[in-house]
Amino acid sequence: MNVKVIEGRLTETQVAIGIERRALGEFVGPHGELASYAFGWTTGSEHHVARLTVGIGAGNPGGASFHAKHWLLGTTSI
């Protein structure tokens, strides 16, 4: 299977609790199918937050965007 990954940009935004970062990009399938992704995370506070969004055919019949959010509580650095 020939799948092409197009890396997008990395954004950084100052938010009230720290820095929010997002990495964006797209996948192109062997028949031209498109899917997009966004990974995001927030740092600078005691509780880190991670986000993932995947869009598969969004805007087309049967397409959708899927979102997930996870709080990383009590994380420590080694």
**OP:** Could you grab the distance from atom CD of Glu12 to atom CD of Glu20, nearest 0.5 Å is fine?
**Re:** 11.0 Å

Original post:
Do Glu26 and Lys4 meet the salt-bridge criterion of a basic N to acidic O distance under 4.0 Å?
Top reply: no

Subject >> Validation row: Val3, Val28 side chains within 4.5 angstrom (heavy atoms) >> reply: no

Original post:
Is Arg22 atom CZ crowded by more than 12 heavy atoms from other residues, nucleotides or ligands, each under 6.0 Å away?
Top reply: no

Original post:
Distance from Thr42 atom OG1 to Lys69 atom NZ, nearest 0.5 Å?
Top reply: 8.0 Å

Original post:
Linking I/L/V/M/F/W/Y whenever any side-chain heavy atoms sit under 4.5 Å apart, do Leu52 and Val5 land together?
Top reply: yes

Subject >> Interatomic spacing from OH in Tyr37 to CG in Leu24 - rounded to 0.5 Å >> reply: 8.0 Å

Original post:
Would Arg21 and Thr11 count as having a side-chain donor-acceptor pair, cut-off 3.5 Å?
Top reply: no

Original post:
With the 4.5 Å side-chain cut-off for hydrophobic clustering, are Ile19 and Trp41 part of the same group?
Top reply: no

